[in-house]
*Asks:* 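One structure coming up, written as structure tokens, with questions to follow.
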Amino acid sequence: MLSWVIWLVWMLPVVILVVHMLRSRGRYKNRKGAGAFFFENDSLVLNTGLPYEVPFREIDYVELQYNSWELEHQLSYGLWVKVARRDGRTKRVFYKGYGTAKLAYPADMKAALEDWGIRCIMADCNKKKR
């Protein structure tokens, strides 16, 4: 009996967190297969475990930091997405990219951001190391 109580006390926060994540992610229609981010409700939504929404009017620029060697030689790649707001705050998230997403590669992401009128900076981390 005591072991069940201990197990329940330990599992309750985990269950609450999972339910919260599912509810948060379920609010968005465009998230499935979206890649690092997607656009919804006049906002850029970072596609993380708990989606992070930034209204277009608050965005100063988006920086995409990637490694060109990974893009050319591996099936997946690491990408840092940094969203800088006009008030100086930033949000930086990591994304593990694959060629199967709607916005699969950094060049696709940059084109999509510029279509929405958002300034985008691409930073190839591989060139810095040479």
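Just so we're clear, the structure is a prediction, and the values are computed from it rather than from any experiment. Excluded from the calculations below are hydrogen atoms, water molecules and symmetry mates; all remaining heavy atoms, backbone and side chain alike, are included.
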*Asks:* If you look at every heavy atom in P13 and W10, which pair is closest and at what distance?
*Replies:* CD-O, 3.4 Å

*Asks:* Distance check, rounded to the nearest 0.5 Å: R92 atom CZ versus K82 atom NZ?
*Replies:* 7.5 Å

*Asks:* Are Y95 and N47 side-chain neighbours, meaning at least one heavy-atom pair lies under 4.5 Å?
*Replies:*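 Contact flag for Y95/N47 side chains = no.
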
*Asks:* CE of M122 to CD of Q65: how many Å apart, nearest 0.5 Å?
*Replies:* 11.5 Å

*Asks:* I'd like to check F37 versus L113 (side-chain heavy atoms, cut-off strictly below 4.5 Å). Are they in contact?
*Replies:*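 Side-chain contact under 4.5 Å: yes.
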
*Asks:* For K110 and L64, which heavy atoms make the closest approach, and how far apart are they?
*Replies:*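 Heavy-atom minimum between the residues: N-CD1, 4.1 Å.
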
*Asks:* Can you tell me how far the CD1 atom of I59 sits from the SG atom of C120, to the nearest 0.5 Å?
*Replies:* 11.0 Å

*Asks:* Scan the side chains in residues 50-57 for donor-acceptor partners under 3.5 Å anywhere in the protein, sequence neighbours excluded, and list what turns up.
*Replies:*
residue : atom : partner : partner atom : Å
Y52     : OH   : R85     : NH2          : 3.1
E53     : OE1  : Y28     : OH           : 2.7
E53     : OE2  : S43     : OG           : 3.1

*Asks:* Going only through I, L, V, M, F, W and Y residues with side-chain contacts under 4.5 Å, is there a path from V83 to I121?
*Replies:* no

*Asks:* How many angstroms lie between atom CG of N67 and atom CG of D124, to the nearest 0.5 angstrom?
*Replies:* 6.0 Å

*Asks:* Does any non-hydrogen side-chain atom of M109 lie less than 4.5 Å from one of L79?
*Replies:*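 With C-beta onward as the side chain, the pair touches.
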
*Asks:* Determine the minimum heavy-atom distance between K91 and L46, stating which atoms define it.
*Replies:*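 The answer is CG-CD1, 3.8 Å.
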
*Asks:* To check you understand the geometry: which heavy-atom pair defines the closest contact between Y77 and E70, and what is its length?
*Replies:*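 Taking Y77 first and E70 second, the nearest heavy atoms are CA-OE1, 3.5 Å.
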
*Asks:* Should we say atom CG of L12 is surrounded by more than 12 heavy atoms from elsewhere, each under 6.0 Å from it?
*Replies:*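 Above 12, so yes.
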
*Asks:* Which heavy atom in K96 sits nearest to a heavy atom in S76, and how many Å separate them?
*Replies:*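 Looking at all heavy atoms of both residues, the shortest contact is CE-OG, 3.3 Å.
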
*Asks:* Between D60 and A84, is there a donor-acceptor pair closer than 3.5 Å when you use the side chain of the first and the backbone of the second?
*Replies:* no

*Asks:* Is a side-chain donor or acceptor of E63 paired with a backbone partner of A123 at a separation under 3.5 angstrom?
*Replies:*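 Pair absent, no side-chain N/O of E63 close to backbone of A123.
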
*Asks:* Is V93 reachable from Y105 through a run of I, L, V, M, F, W or Y residues, each pair having side-chain heavy atoms under 4.5 Å apart?
*Replies:*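 Yes, it is one cluster - the side chains of Y105 and V93 are joined through contacts under 4.5 Å.
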
